Amino acid sequence: MNNNGKIERHTIAVLIDNEAGALARVVGMFAGRGYNIESLTVAEIDVSEHTSRITVVTSGTPEVLEQIKAQIARVVSVHKVVDWTIDKPGIEREMALIKVAGTGDKRVEALRIADSFRARPVDTTHTSFVFEITGAPSKLDSFIDLMRPLGLVEVSRTGVAAISRGPEAM
Amino acid sequence: MDLEDQKPTPPEITGAEIVIRALKDQGVTHIFGYPGGSVLPIYDALFAANDITHILVRHEQGAVHAAEGYARSTGKPGVVLVTSGPGATNAVTGIADALLDSIPLVVLTGQVPTSLIGTDAFQECDTVGITRPCTKHNWLVKDVNLLARTIHEGFQIATTGRPGPVVIDIPKDIQFKKGRYVDPQRIAHRTYHPKTEPDEATIEAAVALMAGAKRPIFYVGGGVVNAGPEAVKSLRELVALTGFPVTATLMALGAYPASSPNWLGMLGMHGTYEANNTMHDCDVMVCLGARFDDRVTGRLDAFAPHAKKIHLDIDASQINKNVHIDLAIVADAAKAISAMVRVWKEKKYQADRHALTDWWRQIERWREKRSLDFKPSKGTIKPQYAIDRLYELSKGKDVYITTEVGQHQMWAAQRFKFEEPNRLMTSGGLGTMGYGLPAAVGVQTAHPESLVVDIAGEGSVQMTMQEIVTAVQYRLPIKIFILNNNYLGMVRQWQQLLHGSRYSQTSTDTQPDFVKLAEALGAVGLRAEKPEDLDEAIQTMIDTHAPVILDVRVEKFENCYPMIPSGAAHNEMILTDAEEEATEVSDAGKILV
Ligand SMILES: Cc1ncc(C[n+]2csc(CCOP(=O)(O)OP(=O)(O)O)c2C)c(N)n1
Ligand SMILES: [Mg+2]
């Protein structure tokens with residue numbers, strides 16, 4: 001393909017049989033074909049049905065994204081593939097735990113900003129906070145950027161979870 | 001849930017017995033394999049099974065290629081049985097080969113007992129990990145009660161949709177354990193449901209596009225062969241109805257008869273001038289079960305620039321992969337092509353005779369280039385001449401051809417005229433040297449009375465020549481027809497074109513005496529050195545009811561033409577050495593393989 005198109009960022013959900021190696025099939029395909037993974041979450045969502053849900057944020061030209069989805073759908077143990085960015089409007093959320101260390105004004109400022117982002121301190125010492133923050137990935141990005149000059153020590157992000165709006169399932 | 005639950009429980013049998021029973025229930029009559037510690041129980045169960053013939057190869061790669069040859073020439077799945085560790089890793093080349101050429105295989109591998117998995121046990125390797133990217137699907141069976149189900153699923157997945165290889169890894173303790181057997185018909189897969197029915201509206205749109213075409217072409221691929229005799233029959237009917245020209249990929253030679261006037265020859269890097277120019281100038285391209293491989297398309301941004309492209313494939317991921325498609329049909333080729341035939345007739349379409357006459361006139365002009373011609377020689381055997389003589393002298397016989405990889409393979413594809421599908425077994429996608437000889441073993445196993453010839457290069461054949469012993473053991477009278485040019489010819493040709501004729505490591509000056517080798521291995525050895533010796537040698541080869549190596553000493557520096565140089569377009573073919581010398585390959589082209 002002539003991949004001259006604009007690079008887009010898409011969030012894709014994959015419903016997959018939770019057999020041994022299921023995640024490796026999908027992730028290995030991304031690596032083997034040179035596709036990008038920006039974030040990835042996976043967990044079993046139905047114990048009796050043994051199904052897992054993978055949410056992957058990836059980027060590429062529209063042609064590449066079409067290929068990515070076709071290649072995922074081709075994995076034998078995959079039930080379904082949905083692109084939240086085009087197929088259905090979806091809601092995306094990500095959680096992060098963010099450690100900030102500092103004293104004096106910086107410490108006060110960190111707490112003030114956290115409050116305005118609805119980030120909760122879940123661990124507090126005299127010299128540090130661990131904030132829990134949930135939201136769209138871009139909100140987490142801005143929060144982390146603001147914490148950087150205030151003593152950012154460590155970031156742990158979950159990756160994106162996504163679901164469609166309205167009453168229907170994916 | 002499993003229907004089995006409502007039935008009285010059948011007696012339990014061992015995992016090894018389950019394997020054999022499942023194979024029998026799947027209609028398997030031949031297995032290609034090699035034993036080892038972690039498959040001993042299965043080999044023991046096989047010992048008692050009279051209705052399955054096991055072919056003992058001399059290297060596991062050979063087992064897989066033999067199974068591929070068996071599968072490709074019969075339309076049935078090939079079955080392989082190998083041990084854990086090195087047995088499995090030796091099989092990987094064949095498995096990857098089968099994936100790229102969409103060959104249905106069920107590969108059973110032994111594994112160390114479940115209690116030892118992950119401990120770096122003797123002959124342990126992560127077989128499912130290693131084969132995950134080169135199988136259609138694979139399993140590690142950790143519960144004997146899932147074994148039968150998994151094997152049946154394996155056959156279903158290997159043979160339906162886009163066919164391909166599957167690997168079932170069976171730990172040794174599971175082979176000993178007793179468990180329940182389930183019949184094949186009880187299996188319904190949870191996630192795997194390939195779409196085979198074509199969408200009627202899309203078929204109608206495609207046929208309408210075809211009916212309006214002024215410069216059409218059918219571009220046929222291996223998918224049509226894989227879809228079986230129905231697809232091939234419908235293709236021939238569709239060509240007869242429309243009068244369109246037909247070209248095909250290496251994997252589809254024979255799907256349309258080479259003797260037909262509508263046949264343009266193979267397309268692509270070493271395709272004919274007329275096939276490639278017809279592709280380049282067409283206004284409607286009907287791609288049936290092909291995948292726009294880089295060997296076929298040449299430079300992508302100059303690929304059939306004026307064409308509306310229709311693409312039929314059972315694998316949705318092939319649509320728009322390399323080339324933008326205007327009309328996609330995701331379906332089984334037999335169903336889709338027969339639907340095209342039906343719609344064409346129902347709507348009483350007529351091809352545009354006027355335009356088509358002009359188009360054929362143009363195609364005739366390209367044909368007049370006679371791009372497959374070569375300079376005959378009185379003194380040396382030209383490789384092209386050797387293939388022509390093999391074709392003439394085997395004409396009328398029930399012939400199957402396999403090939404190795406290199407110039408000889410391309411000459412075979414260009415010159416041997418295939419009238420029926422499943423008659424050419426060749427490694428197209430992976431391009432595996434060493435494929436042809438073991439593949440011939442598999443073909444001859446399936447067709448004991450037929451003439452099976454491996455058109456080989458002296459380089460390739462050295463990769464798997466130990467399988468001659470297999471042929472001797474099972475009295476498989478395969479013929480190994482070596483076009484011995486003293487070089488890794490195809491690589492040498494590229495060195496000549498791209499690397500200033502510096503023939504780095506491509507001479508095969510040191511090579512076995514193939515006549516003595518044949519004798520040492522229990523086969524018959526023949527040699528032809530002069531054109532006047534060739535016919536007699538070929539005739540003796542054909543008439544000998546034993547495995548034969550015929551060492552044909554051919555012109556060393558013959559190049560394979562016509563050729564689309566790397567990075568060039570379909571209409572930029574070179575036809576002769578003189579043009580090759582004048583051709584500057586771009587830096588971008590040099591990077592391509
Ligand atoms: C396993 C493997 N290794 C390397 C190659 C690269 N290769 C392609 S063609 C070729 C030369 C084959 O030589 P030969 O069998 O003598 O055939 P010829 O081209 O001379 O007809 C080589 C080395 C390959 N295709 N497969
Ligand atoms: Mg050679």
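Numbered from 1 within each chain, the chains take letters A, B, ... in sequence-line order. If you're wondering where the values come from, they're calculated on a predicted model, not measured in any experiment.
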Check whether any side-chain N or O of Ser317(B) sits under 3.5 Å from a backbone N or O of Gln71(A) as a donor-acceptor pair, and report yes or no.
no

Looking at Lys69(A), I want to see if its NZ is surrounded by more than 12 non-hydrogen atoms of other residues, nucleotides or ligands under 6.0 Å.
yes

For atom CG of Asp145(A), is the number of surrounding heavy atoms from other residues, nucleotides or ligands below 6.0 Å larger than 12?
yes

Using 0.5 Å steps for rounding, measure from the NZ atom of Lys80(A) to the OG1 atom of Thr191(B).
14.0 Å

So what's closer than 4.5 Å to chain A heavy atoms on Leu140(B): side chain, backbone, both or neither?
neither

Return the CD to CD distance between Gln318(B) and Gln67(A), rounded to the nearest 0.5 Å.
7.0 Å

Partner set under ring pair (Phe, Tyr, Trp, His ring centres under 6.0 Å) for Phe129(A), not counting sequence neighbours
Phe131(A)

Quick one: what part of His189(B) sits under 4.5 Å from any heavy atom of chain A, side chain, backbone, both or neither?
side chain

Would one find more than 12 heavy atoms of other residues, nucleotides or ligands at under 6.0 Å from atom NZ of Lys139(A)?
yes

Is the shortest side-chain heavy-atom distance between Arg190(B) and Val76(A) below 4.5 Å?
no

What parts of residues 15-41 of chain A touch chain B if we use heavy atoms and a cut-off under 4.5 Å?
Asp17(A), Glu19(A), Gly21(A), Ala24(A), Arg25(A)

Among the listed options Thr297(B), Ile157(B), Asn138(B), Val128(B), the residue most often paired with chain A at heavy-atom distances under 4.5 Å
Asn138(B)

Side-chain touch Arg74(A)/Asp315(B), heavy atoms, less than 4.5 angstrom
yes

